[in-house]
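Excluded from the calculations below are hydrogen atoms, water molecules and symmetry mates; all remaining heavy atoms, backbone and side chain alike, are included. Just so it is clear: chains get the letters A, B, ... in the order the sequence lines come, proteins before strands, and each one is counted from 1.
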Amino acid sequence: MWRKFLILTIVLVVSLFAFAEVKNPDTVIVATIGEPDTLDPHYAYDTASGEVLFNTYDCLIQYKGESIKEFEPRIATAVPSVENGLIRDDGKTYVFPIRKGVKFHNGNELTPEDVEYSFERGILFDPAGGPMWMIIEALFGKYTWEDVVMDHVKLRTGKEMAYSDLFDENGEPKPEYAKYLMEACRDILDPAIEVEGDSVVFHLVRPFAPLLYILAQGSSWSSILDKETSIEKGLWDGDPNTWWKYHDLPKEESPLYAFENGSGPFKLVEWNREQQKVVLERFDDYWRGPAKIKRAIIWGIDEFSTRKAMLEKGDVDVCYVPAQYLSQVEGMEGVTIIKGLPTVSITSLHFNWTVAEDSEYIGSGKLDGNGIPRDFFTDINVRKAFVHAFNYDAFIEDVLNGLGVRVPADLPTGFLGYNPDLPLYKFDLKTAKAALQQAWNGEVWKNGFKLTLLYNTGNEARQTAAEMLKYYIESLNPKFKIEVQGVQWPNYLSAYKRGLLPAFIIGWLADYPDPHNFIFTYYHSQGVYGGPQGEAYQKWAQENVDTLIEQAVEEIDPAKRQALYEEIQKIAIENYVGMPLYQPLGLRVQRSWLKGWYRNPMRPGEDFYAYWKAE
Amino acid sequence: MLKDEIKKNTRKFFRNPTAVLGFVLLIFFILIAVFAPLIAPPENPDNPYRIPIATWSLKPQPPSPEHPFGVIGQRDIFYGVVWGTRTAFRIGLIVAGISTIIGIVIGSIAGYFGGWIDEILMRITDIFMALPFLVAAMVLTTILGKGLDKVMIAMIVFGWMATARLIRGNILQVKEEQYVLAAKALGVRDSLIILKHVIPNTIFPVIVQVSMRMGSLVITAAALSFLGLGAEPGYADWGTLLSYSRNWLTEFDKAWFSIVYPGVAMILFVLAWNLVGDALRDIFDPRLRG
Amino acid sequence: MIAYIVRRLLLLPLILFGVTILIFGMLELLGPEKLVSAYIRGPEAEKVAGATQKIIEKYGLDKPLPVKYARWLGNVLKGDLGWSLVGKQPVLSAIFSRFPYTLELALWAIVPVVFVGIWLGIISAVHHNKFLDHFLRVFAIVGWSFPDFVFGLFMILLFYTKLGWFPPGYLSFDMERVVSSPEFVSYTKMVTIDSILNLRFDVFLDALRHLVAPVITLAYLWWAYILRITRSSMLEVLRKEYIRTARAKGLPEDVVINKHARRNALIPVATVSGQMIISLLAGTVIIESVFNRPGLGRFVATAATQLDYMSIIGGALFYSILLVLGNLIVDVSYALIDPRIRLQ
């Protein structure tokens, strides 16, 4: 019996080899990690979601090829500028003439009302943690729709309240406030975005230089929805009296969570969550003409070796390869590697000037050799020593395989305000030593100190950065102790956010390619990374840089903006506010038979419309 | 009597070639663990489990006189393998030790007293056994937060039930034996009876069980490292080294050393315990005697 | 006998209730601050201040324990296990939609694991303490000593990269399109079964091709277990009186072993095999990730990697229900078959 079983097995196995691999010439398969978070354009805020939305929806304008500074029309027929008269009132009014003959995937025609509706729905929806703050900041100078509403309530009642105070325990608006809710929608939101003839007009409360970036293709939050389908599906119905029902719904309750009816070149066929796979199919009625390929598949394959093996066999066309494994794909037959593409992100280390009281990462909390005081980093000498105790060039060369460039401050190359002549911090242990000898009146040098640096596990670059800093600081004085500890990403996030970390390494990926997005984030006292740098830092920022940052974003003249941003960076550099570690350089690994790829760092993932396959 | 038994069993043990192989391997690992500070002197004696950084480059570097097992992820593999031996013993001994003690205590109480106490304790045992071991350890480690200590806690919390059941079953059997009944009739205290009569008679199966578990605990810890729940890269632990090196596995010719050395160490370690356990089981299994 | 079954059935809800307390207890170890990370994610979520507090309020994460347990249990009974961040869908549907894949893999794996394992065990017992015995045991224990992911990746290296025979994944793209087309009726969601029912043998063979490597991996990792049980059970039987009698009668050795010994030796093995399939269901956690197959194991593994507490808790609950029910079925059916079991 066993023999029979064996023979059967062999026969079966042999018959399996008979199947030849079929490579699909009309399908592009992308092997990546993870999968979209949601397909609601007003909720999605990650590149995986952005990639799907990029290919299924259209925005008003788009970047011109590889440029991140120039635009081309898309749904709008012209890019607004002061010269063509579509930017008016000193930059407070933007006019977008809307293209005719554009079809949504279900055949409906795109109208200016659809554009108006799309933005209004997004602003009213404004989910916590979502991307809508960008448009809200541009239009109203606030960061959430709730802030806009409460500002209005305060104006009408003179009372300072929380948004939740407007509602009773059943979640219904209290009768006395219902009116103000309605007014916020009717009198504030509605006039901000209006249809005028064949155009849509945006009215800003003040000039806001980066607006066009926020609207360009790749900014999924500016995707154009079909009003009719949206209302059918259960999105906001346009009634100013009931908008609050559609505000800040949980991700999964949005009807657009896994559904799309955009006007983009591809239709969503399937989002297979069991296989982490998104299947897109060509939209034949696309207004720019149908795409060259029939099908596009984005497939999350988490295990690197598996992903790489599939690239090698030609079963996938594009493969995500982390920088440290570059040598594994170099020289692979039939594979093209493109290196050194500047990205629009920065990774840097910042100090916490006032560590939160219950932090477990500052040892004893005193300068007794077993810890650091909470305000350790308020002393400029300490910061000066740290920024000089890091071998920046070795880090980029060895750890990043050369896939990084140095930047003087937290602003990527190629951005307005970037100036290559600003000084880079030097790796100089003598300076570091001298600074530490002076720090805290010599107490630091005499007693030593101990602190913990965290990194998020799995991020080898950050781990090595922390270890490198530890290595050099500890080499200065045997009494200096830095512990390096790995925690998982969500824990890392909550620790730095609560101000528990004495110093933190963190990256920022541009939402839009304007300096405001970086300078505000890292240096402004209200920036996302301003808070975790502690109260003392916020105070310093208010006195030294906040006004300049606010001035710079309202300025329209690029030359003046350039000067302002340079000044801010100079102040930051001189005060050793942070250690910009590197700006990563991208790595593209794909089969050579995939044609049509072009680089644009603002694009989330692939632009399948441009692709075709040929030997 | 016990002495003769041990003598006889020892002879039996050493006549079995696989048992001897296992035993020799085990001695070898114990020596490495004990003399780790001499074989691979730590740079920082306060924290010897941190593998010192050999280079900043993340590329694997083949064995050289300076780094006899090569370098992976900036770390010296030789150092990691040597100190990893200690980690492996630590995981095995602490987890198997503590969970066995818990199991013995719970099993003895349940078995000896019987009745309601037994019922409640056994149902609690059932509840803990309702979760598959790997899944349970995974869940608890995820919740406690990553780290080798958390992995060990999780494996202890979900690792005592088999011992408890075994002890209880054996005690139920022993309880019926004449000498225990006699001791009870003479009014000897319960705790004394458990200590003097019951435990010695049930301890061999427990020893077999412990030795069989030692190896698989190290494997489970490695599985948790694979999921990113174990020690962080750079910690001297075979599972962590392997899980780090796995992204180089398909480049076997470029980075074989990063898989082979920690891999062989782990396999031999588990093999040693299993062979010893297997042999002990053959010896102590009453059904196979005679 | 009836008393035994009734007792087991009565205990069932009690055990399950205990499991919910155990699992809820683990969840509570997190505290509200960390539970929040179950609801918001990624650096982008941090770009807006105040989200944390809002989420704590929204989901009642700061309420007292009994209130939370009641609320949680109520939700669980309604089938609401929360939202799965890695599954991108409700936890319950995430689990149900992934389970058939895992079941399929486990069912295929059980065949070589048990049959080859038994075969090895018998050979080993028959050659007790001879070279073949030692060799097979060391061979099997080496498999047992491999971390799953290392062996699995070796299989990929060998069978895919070097030989190009067995690709990772679940189905090739062409076949996947066949399966998702409307003509292909999905009866069980297990493609090897569905393809036969749809008379699509090309799909069947393709699915099989993707199954070979993970099944070999699982089999090699688990042989030691079956081998050990078969071997000791066989050894026990071989010492029994009737075997000695049979040998004394001068029956040829293979008749003794095949006709008399094996049948009796396999009773305990059968018990174990029933539980084996349940163990295999949990044993696919890492294999599925390595071979990039969809399934419950990979779901739970990803959830653990990404700290998706809701999913991992839901997965644990599902596994434990599976285990409890599976064991019940196995035990009761053996109690019916073999009265000796009940006495233990």
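Using a 4.5 Å cut-off between heavy atoms, A/Glu274 touches chain C through backbone and side chain atoms alike. Residue A/Pro131 does not touch chain C at all, counting heavy-atom pairs closer than 4.5 Å. With a 4.5 Å cut-off on non-hydrogen atoms, A/Lys277 touches chain C through its side chain but not through its backbone. Contact of C/Glu176 with chain A is made through the side chain alone, with heavy-atom distances under 4.5 Å. Looking at C/Tyr170, only its side chain comes within 4.5 Å of chain A, counting heavy atoms on both sides. Heavy atoms closer than 4.5 Å to chain C are found nowhere in A/Gln526, neither backbone nor side chain. In this structure, chain A has a heavy atom under 4.5 Å from the side chain of C/Arg298, while its backbone stays farther away. With a 4.5 angstrom heavy-atom cutoff, A/Ile506 does not touch chain C via any of its atoms.
Heavy-atom pairs under 4.5 Å with chain A were tallied for C/Pro90, C/Ser97, C/Gly152, C/Ser84; the largest tally goes to C/Ser97. Of all the listed residues (C/Phe149, C/Tyr101, C/Phe291), the one sharing the greatest number of non-hydrogen pairs under 4.5 Å with chain A is C/Tyr101. Counting heavy-atom pairs closer than 4.5 Å to chain C, the top-ranked of the candidates A/Glu303, A/Glu270, A/Gln275 is A/Gln275. Chain C forms more heavy-atom pairs under 4.5 Å with one residue of A/Arg307, A/Arg295, A/Glu312 than with any other, namely A/Arg295.
Note on ring orientation: taking the six-membered ring where Trp is involved, the planes of A/Trp133 and A/Tyr512 are tilted (angle from 30° to 60°).
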Item checked: Working for side chain to side chain contact (heavy atoms under 4.5 Å, CB included), residues C/Trp108 and C/Leu105 -> CA-CA 5 Å; C/Trp108 275 98; C/Leu105 178 58; 5.6 Å; no
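Here A/Tyr257 and C/Trp83 bring their ring centres to under 6.0 angstrom of each other. Here C/Phe151 and C/Tyr220 bring their ring centres to under 6.0 angstrom of each other. Taking the six-membered ring for Trp and the full ring otherwise, A/Trp221 and A/Tyr43 have centroids separated by 6.0 Å or more. Under the 6.0 Å cut-off for aromatic ring centres, A/His524 and A/Phe518 do not qualify, their centroids lying 6.0 Å or more apart.
Counting heavy atoms from C-beta outward, A/Tyr522 and A/Val528 have side chains that stay 4.5 Å or more apart.
At most 12 heavy atoms of other shown residues, nucleotides or ligands fall within 6.0 angstrom of atom NZ in A/Lys294.
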